[in-house]
> 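Below is a structure I'd like to ask you about.
For this chain, numbers begin at 1 and follow the sequence in order.
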Amino acid sequence: MSRQITAPRGTRDLLPPETEAWGHVEATARDLARRYAFERIEIPLFERVELFARGLGESSDAVEKEMFRVSGARGSTEDGAEWALRPEPTAGIVRAYLEHGMHVRPGPLRLTLIGPMFRYDRPQAGRYRQFSQWDVEVLGDRGPAIDAELIELASRFYREVGLSGVVARVNSIGDAVCRPVYRQALVDHFTPHVERLSDDSQRRLALNPLRVLDDKELDPELAAGAPRSVDHLCDDCREHFHRVRALLDALAVPYEVDHRLVRGLDYYTRTAFEFVVEGREGQQQALGGGGRYDGLAEILGGRATPGIGFGVGLDRTLIALEEQGVAPPAAGPLVAVVGFEDDQADRLRVAATLREAGLAVRPDGTSRKLGKQLEAASKAGASWAAVVGEELREGRIGLKDLATGEQETVAVEEAAKRIGG
Ligand code: HAM
């Protein structure tokens with residue numbers, strides 16, 4: 001026998017019944033996108049490496065360590081282009097916005113997508129090489145009202161899928177005016193203690209000192225004494241952050257200001273936020289995150305366009321739901337159609353009528369004994385059986401309640417009504 005082929009490391013198959021919970025999470029996201037007036041956008045799963053290198057920043061983990069490169073047949077690419085599977089969708093959405101001149105549409109634009117992302121990281125619990133995000137982006141809005149609206153939207157998402165204890169962590173990391181001063185303050189703080197920093201942080205201290213704050217191995221003493229971005233904001237950024245917080249208070253959104261929150265991608269300016277389950281800090285696994293990226297369009301060679309958005313990790317949301325023991329809402333009743341002989345045509349006809357009435361129907365296609373068919377129906381989760389027999393000539397079937405075992409003979413249409421409640 002030849003060796004059995006398994007899925008690549010860092011991927012996971014979504015199997016029933018987990019797909020039920022997944023469907024519920026996705027449906028919640030789509031419904032919220034509708035209620036918050038977002039329009040759907042779809043972009044390719046792979047883009048030029050340059051888009052990510054420029055957009056997310058050379059020093060981001062996503063670019064530096066986790067780029068999932070792809071090439072054509074036998075390693076070829078066109079015109080020397082280098083491609084990578086998208087580690088996130090924001091850079092691609094802004095690229096599409098610029099490429100298609102979407103600024104001429106009445107703005108601000110509210111765009112959303114759900115789909116897979118790829119990061120070639122070391123896989124572990126809650127960290128996959130292929131994972132899915134619900135992403136929302138707003139282009140052409142300086143805020144601060146939209147900042148609060150998006151944080152409220154993501155908070156509502158976690159609540160509506162059924163999670164409890166999810167809090168937003170927010171921070172402001174300044175803009176092109178005040179960031180350089182803050183960067184320097186961090187360099188001045190960490191440089192005398194450089195030997196106490198991890199290898200990663202030592203490298204980042206030169207490239208992007210904000211990311212040193214993100215280092216899980218950072219000495220708590222050094223972290224506690226580190227300068228805070230909020231103390232270095234310029235007047236405009238300070239006022240912006242103040243108003244975002246006032247709006248969150250007005251909306252009663254639970255949040256905490258987290259002075260170490262800097263986010264892992266370089267495009268962020270001003271408002272940055274993440275969502276975590278309270279009391280689960282040890283794991284440091286954000287359920288989602290986002291922020292403002294007012295400079296990204298220009299970095300990508302386009303006209304200056306303010307932007308803000310977030311990405312919700314659907315896999316981690318599902319894991320959190322499982323941990324909290326939240327089951328997806330029960331699906332509607334399942335009906336099995338069973339019969340006595342080789343009456344497959346009758347069974348399929350009855351199934352079709354019940355389905356027209358909107359019911360979920362599973363006809364038994366075998367010629368096994370009725371008892372066996374009913375047994376299989378119960379095992380498959382059916383709560384009703386439509387028993388097809390002689391009386392079908394008068395348009396009637398046996399309707400059996402599989403929980404109680406009671407059965408009566410009713411017209412097919414009547415059966416549909418009873419099952420549908
Ligand atoms: P991010 O924080 O890199 O932000 O990812 C958002 C969420 O995706 C994370 O909070 C996490 O739940 C999930 N996620 C990230 N990496 C993995 C992984 N390897 N396995 C499983 N889940 C993962 C962004 O991607 C930004 N584009 C968000 C954004 C949109 N900012 C502005 N607009």
> Using 0.5 Å steps for rounding, measure from the OG1 atom of Thr353 to the CG atom of Leu348.
11.0 Å

> Is there side-chain contact between Thr269 and Arg179, with heavy atoms separated by less than 4.5 Å?
yes

> Go through the steps to decide whether Thr271 and Val170 satisfy the test side chain to side chain contact (heavy atoms under 4.5 Å, CB included), and finish with yes or no.
CA-CA 7 Å; Thr271 316; Val170 301; 5.5 Å; no

> Does any non-hydrogen side-chain atom of Pro108 lie less than 4.5 Å from one of Ile146?
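SC-SC contact between Ile146 and Pro108 ruled out.
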
> Could you tell me if His193 and Asp219 have a donor-acceptor pair between their side chains, going purely by distance under 3.5 Å?
no

> Determine whether Leu56 and Tyr267 make a side-chain contact, defined as any pair of heavy atoms from C-beta on separated by less than 4.5 Å.
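Yes, side chains in contact.
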
> Let me know which of Asp199, Asp266, Asp61, Asp215 forms a salt bridge (charged side-chain N to carboxylate O under 4.0 Å, His left out) with Arg204.
Asp61

> Would you check if Pro89 and Gln133 make a side-chain contact, meaning some heavy-atom pair closer than 4.5 Å?
yes

> Assess, by modelled atom type and distance only, whether the side chains of Glu149 and Tyr36 contain a donor and an acceptor separated by less than 3.5 Å.
no

> When you look at Leu399 and Ile419, which way does the side chain to side chain contact (heavy atoms under 4.5 Å, CB included) test go after all the steps?
CA-CA 9 Å; Leu399 178 61; Ile419 297 164; 3.7 Å; yes

> Report yes if the side chains of Phe131 and Arg316 come closer than 4.5 Å at any heavy-atom pair, otherwise no.
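Answer no - side chains too far apart.
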
> Checking the side chain of Asp315 only, and the main-chain atoms of Leu318 only, is there a donor and an acceptor separated by less than 3.5 Å?
no

> Taking Val253's backbone N and O only, do any of them form a donor-acceptor pair with Glu152's side chain (distance below 3.5 Å, no angle check)?
no

> How about Arg260: does its CZ atom have over 12 heavy atoms from other parts shown lying under 6.0 Å from it?
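Yes, because the 6.0 Å sphere around CZ of Arg260 holds more than 12 heavy atoms from other groups.
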
> Using 0.5 Å steps for rounding, measure from the CZ atom of Arg196 to the CD atom of Glu217.
14.5 Å

> Looking at Ser155 and Ile151, what are the two nearest heavy atoms and their distance?
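Looks like OG-O, 2.7 Å.
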
> Within the side chain of Glu82, is there an N or O that forms a donor-acceptor pair under 3.5 Å with the backbone of Glu50?
no

> For a quick test of reading the model, state the closest non-hydrogen atom pair linking Pro333 to Ser383 and the distance between them.
CB-OG, 3.7 Å

> If you draw a 6.0 Å radius around NZ in Lys372, do more than 12 non-hydrogen atoms from other residues or ligands fall strictly inside?
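12 or below, so no.
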
> Could you report the tightest heavy-atom contact between Pro144 and Val244, atom names first, then the distance?
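Shortest heavy-atom separation between Pro144 and Val244 comes out as CB-CG2, 3.6 Å.
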
> I need the Arg86 CZ to Glu47 CD distance, nearest 0.5 Å.
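Atom-to-atom, Arg86:CZ and Glu47:CD are 8.5 Å apart.
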
> Is it true that Glu413 and Lys417 have a side-chain N and a carboxylate O under 4.0 angstrom from each other?
no

> Can you find a pair of side-chain heavy atoms, one from Glu58 and one from Leu207, that are under 4.5 Å apart?
no

> Taking Asp364's backbone N and O only, do any of them form a donor-acceptor pair with Arg347's side chain (distance below 3.5 Å, no angle check)?
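Yes, the answer is positive, given that a donor and an acceptor are paired below the 3.5 Å cut-off.
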
> Any side-chain donor-acceptor pair under 3.5 Å between Ser198 and Asp200?
no

> Picking from Arg105, Arg110, Arg34, what satisfies side-chain hydrogen bond (donor to acceptor under 3.5 Å, both in side chains) with Glu39?
Arg105

> Mind checking the CG-CG spacing from Leu186 to Leu213? Nearest 0.5 Å is all I need.
5.5 Å

> Under a 4.0 Å threshold between the charged nitrogen and the carboxylate oxygen, would Asp147 count as salt-bridged to Arg270?
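Between Asp147 and Arg270 there is no salt bridge, as every charged N stays at least 4.0 Å from the carboxylate O atoms.
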
> Within a 6.0 Å radius of atom CZ on Arg54, are there more than 12 heavy atoms belonging to other residues, nucleotides or ligands?
yes

> Going through the checks in order, is the side chain to side chain donor-acceptor pair (under 3.5 Å) test met by Glu18 and Trp22?
CA-CA 6 Å; Glu18 201 192 349; Trp22 184 271; over 6 Å; no

> Is the side chain of Asp175 donor-acceptor paired with the backbone N or O of Val177 at a distance under 3.5 Å, no angle test?
yes

> What is the minimum heavy-atom distance between Val212 and Leu218, and which atoms define it?
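For Val212 and Leu218, the tightest heavy-atom pair comes out as O-CD2, 3.6 Å.
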
> Inspect the surroundings of CD in Glu99 and state if more than 12 heavy atoms from other residues, nucleotides or ligands are less than 6.0 Å away.
yes

> Report yes or no: does Asp121 contribute a side-chain atom to a donor-acceptor pair with the main-chain N or O of Pro123 at less than 3.5 Å?
no

> So among Trp134, Phe157, Tyr268, Tyr158, which one has a ring pair (Phe, Tyr, Trp, His ring centres under 6.0 Å) with Phe310?
Trp134

> Can you confirm whether Pro254 sits close enough to Arg159 that some side-chain heavy atom of one is under 4.5 Å from a side-chain heavy atom of the other?
no

> Can you see which heavy atom on His232 is nearest to which on Tyr182, and at what distance?
ND1-CD1, 3.6 Å

> Please examine the side chains of Leu163 and Leu321, heavy atoms only from C-beta on, and report whether any two atoms are closer than 4.5 Å.
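Contact flag for Leu321/Leu163 side chains = yes.
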
> Where the side chain of Thr19 meets the backbone of Leu14, is there a donor-acceptor pair that is under 3.5 Å apart?
no

> Let me see the working for Arg119 and Glu88 under side chain to side chain contact (heavy atoms under 4.5 Å, CB included), right down to the final yes or no.
CA-CA 9 Å; Arg119 296 183 191 178; Glu88 61 91 72; 3.7 Å; yes

> Taking everything shown except Arg122 itself, do over 12 heavy atoms lie less than 6.0 Å from its CZ?
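No, the 6.0 Å shell around CZ holds no more than 12 heavy atoms from other groups.
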
> Atom CZ in Phe118, atom CD in Glu66: separation rounded to 0.5 Å?
14.0 Å

> With distance as the sole test, does His189 use its side chain to make a donor-acceptor pair with the main-chain N or O of Leu222 at under 3.5 Å?
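Side chain of His189 to backbone of Leu222, a donor-acceptor pair under 3.5 Å: yes, one is there.
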
> Return yes when atom CZ of Arg238 has more than 12 non-hydrogen atoms of other residues, nucleotides or ligands closer than 6.0 Å, and no otherwise.
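Yes, enclosed.
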
> Strictly by modelled atom types, are Tyr255 and Asp249 linked by a side-chain donor-acceptor pair under 3.5 Å?
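Distance-only check passes for Tyr255 and Asp249.
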
> Would you please test Ile173 and Leu210 for side chain to side chain contact (heavy atoms under 4.5 Å, CB included) and show each step?
CA-CA 9 Å; Ile173 53 173; Leu210 270 75; 4.2 Å; yes

> Between CG of Leu261 and CD of Glu274, what distance do you get to the nearest 0.5 Å?
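The CD atom of Glu274 is 5.0 Å from CG of Leu261, to the nearest 0.5 Å.
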
> For Gln202 and Leu197, indicate whether the former's side chain and the latter's backbone hold a donor-acceptor pair under 3.5 Å.
yes

> Would you find more than 12 non-hydrogen atoms of other residues, nucleotides or ligands less than 6.0 Å from Glu20 atom CD?
no

> Please give me the minimum heavy-atom distance between Arg129 and Arg9, naming the atom from each residue.
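Between these two residues, the closest heavy atoms are CD-O, 3.6 Å.
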
> Judged by modelled atom types alone, do Tyr293 and Thr90 share a side-chain donor-acceptor pair under 3.5 Å?
no

> May I ask you to say whether Arg203 pairs ionically with Glu64, meaning some side-chain N is under 4.0 Å from a carboxylate O?
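Looking at Arg203 and Glu64, the cut-off is met.
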
> Under 3.5 Å, side chain of Asn171 to main-chain N/O of Asp258, donor-acceptor pair present?
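Yes, Asn171 side chain to Asp258 backbone: donor-acceptor pair under 3.5 Å.
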
> Around atom CD of Gln4, are there more than 12 heavy atoms from other residues, nucleotides or ligands closer than 6.0 Å?
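Atom CD in Gln4 is not packed in, count stays at 12 or less.
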
